[in-house]
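Here is the naming used below: chain letters follow the sequence lines, and residue numbers restart at 1 for every chain.
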Number of protein chains: 2
Amino acid sequence: MGAAVDEIDLALLAALQADATQAYADLGKRVGLSAGSAHERVRKLRERGVIRRTTIDVDPAAVNCGVLAFVMLQANAWMGNPPTRDALAAIPEIQEAHIIAGSASLLVKVRTSTPEQLQAVLRQAFDIDGVTGTETIVVLETFFERPLNVTDPNLAG
Amino acid sequence: MGAAVDEIDLALLAALQADATQAYADLGKRVGLSAGSAHERVRKLRERGVIRRTTIDVDPAAVNCGVLAFVMLQANAWMGNPPTRDALAAIPEIQEAHIIAGSASLLVKVRTSTPEQLQAVLRQAFDIDGVTGTETIVVLETFFERPLNVTDPNLAG
DNA sequence: ATTGAAAATATAAGAAC
DNA sequence: GTTCTTATATTTTCAAT
């Protein structure tokens, strides 16, 4: 397998999660490395797929995506196949899709501009082969959404 | 309120979501602008808070966060207050926290390295004032997690 | 608000340790 | 694997439109 992610790598990841625009010199200073070494480590983290991409975090409300809901999809067949995946991916309002344990088969995270558009997404979900029902949880307020924790002491280094 | 986000801004946002490392010259080419103009627009999008931050997407499995679960928290009091928010934020394994409509009060997204650690998070959740119960949905497989859709024609420009 | 160009800065590659 | 050096490329500022 790939080389292990060590303490310094975790510190680099945490720093880049917080601000991926900072210079390698600053990044290196933070973790006790030269700019060159920091650069090399980050390059390898990207190469190994630990860093999947550099991206921006967009305020949903600013781009007309003020409605957030989690939808559980019941199904009468095994849904862990590529066609199901593709059918869900084809609905742009679906931000996440997961296969879950429990009475439902799938959990999806949906962002729309209006409740009407959420309804339209649910209608499309019913068109997917195997889907027999939906249960929707509407979000009233989001406390926070943040990057996953990489510096938790509970996680083995 | 702040100036509207126009079509070009949406194109810039989509391009940066896909790859925030690309040069402003390339970014400008993509949307039919000079490097300077692209830079200026992105600067304003940051200033206005449309772009909340530039960050990296880390593979959870690579940093010992292979367990993902969504937990619904039942409560016997109104939970939409700062103390509740802070109590949830103090648990690093909680990546998202939302107030929801429906029988439960809160929905949180949790990532841990092991089921045992997930259990420890649930125990901590019970210590939060007002929490009377939990219902956990364990994720077996994640189909996808992607940036929110900003170029959907259904969204008003 | 956009352009084009200049100056400041950062990235990326390479040699030495 | 790290550091230092050098060349390349990008970001950032600014005057002009």
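Of the residues in residues 11-21 of chain B, none has a non-hydrogen atom less than 4.0 angstrom from any atom of DNA chain D.
Within 6.0 Å of CD on A:Glu141 lie more than 12 heavy atoms contributed by other residues, nucleotides or ligands. Shown here is A:Arg46, whose CZ atom has more than 12 heavy atoms of other residues, nucleotides or ligands within 6.0 Å.
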Q | Evaluation steps, salt bridge (charged side-chain N to carboxylate O under 4.0 Å, His left out), between A:Asp6 and A:Arg41 | A | CA-CA 11 Å; A:Asp6 68 14; A:Arg41 276 185 181 255; 3.0 Å; yes
Q) Does the pair A:Ile94 and A:Ile91 meet the rule for a side-chain contact (heavy atoms from CB on, under 4.5 Å), with working shown? A) CA-CA 6 Å; A:Ile94 299 184; A:Ile91 303 173; 3.9 Å; yes
**Q.** A:Arg146 and B:Glu93: CA distance, side-chain angles, deciding distance, salt bridge (charged side-chain N to carboxylate O under 4.0 Å, His left out) verdict
**A.** CA-CA 10 Å; A:Arg146 61 189 179 189; B:Glu93 291 85 1; over 6 Å; no
Q: For each nucleotide in nucleotides 3-9 of chain C, reading 5' to 3', give B when a protein heavy atom comes within less than 4.0 Å of its base, S when such contact involves only the sugar-phosphate, and - otherwise.
A: B------
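Across all strands, A:Arg43 comes closer than 4.0 Å to no nucleic acid atom at all (heavy-atom distances).
A:Met72 has its side chain out of reach of A:Leu106: every pair of non-hydrogen atoms, C-beta onward, lies at least 4.5 Å apart. Under the 4.5 Å side-chain criterion, counting only non-hydrogen atoms from C-beta, B:Gln74 is not in contact with B:Thr134. Inter-residue side-chain proximity for A:Leu12 and A:Leu10 is flagged as unmet; no heavy-atom pair is nearer than 4.5 Å.
A pairwise comparison of heavy atoms in B:Met79 and B:Ile128 identifies CE-CG2, 4.3 Å as the closest pair. Heavy atoms only, all atoms of each residue included: A:Gln22 and A:Leu16 are closest at NE2-N, 4.4 Å.
Rounded to whole Å, atom P of C:dA13 lies 11 Å from atom OH of A:Tyr24.
Nucleotides of DNA chain D with any atom under 4.0 Å from a heavy atom of chain B span, from 5' to 3', D:dT10 to D:dT13.
Proximity of A:His39 to the phosphate of C:dT11: no side-chain N or O atom is located under 4.0 Å from OP1 or OP2.
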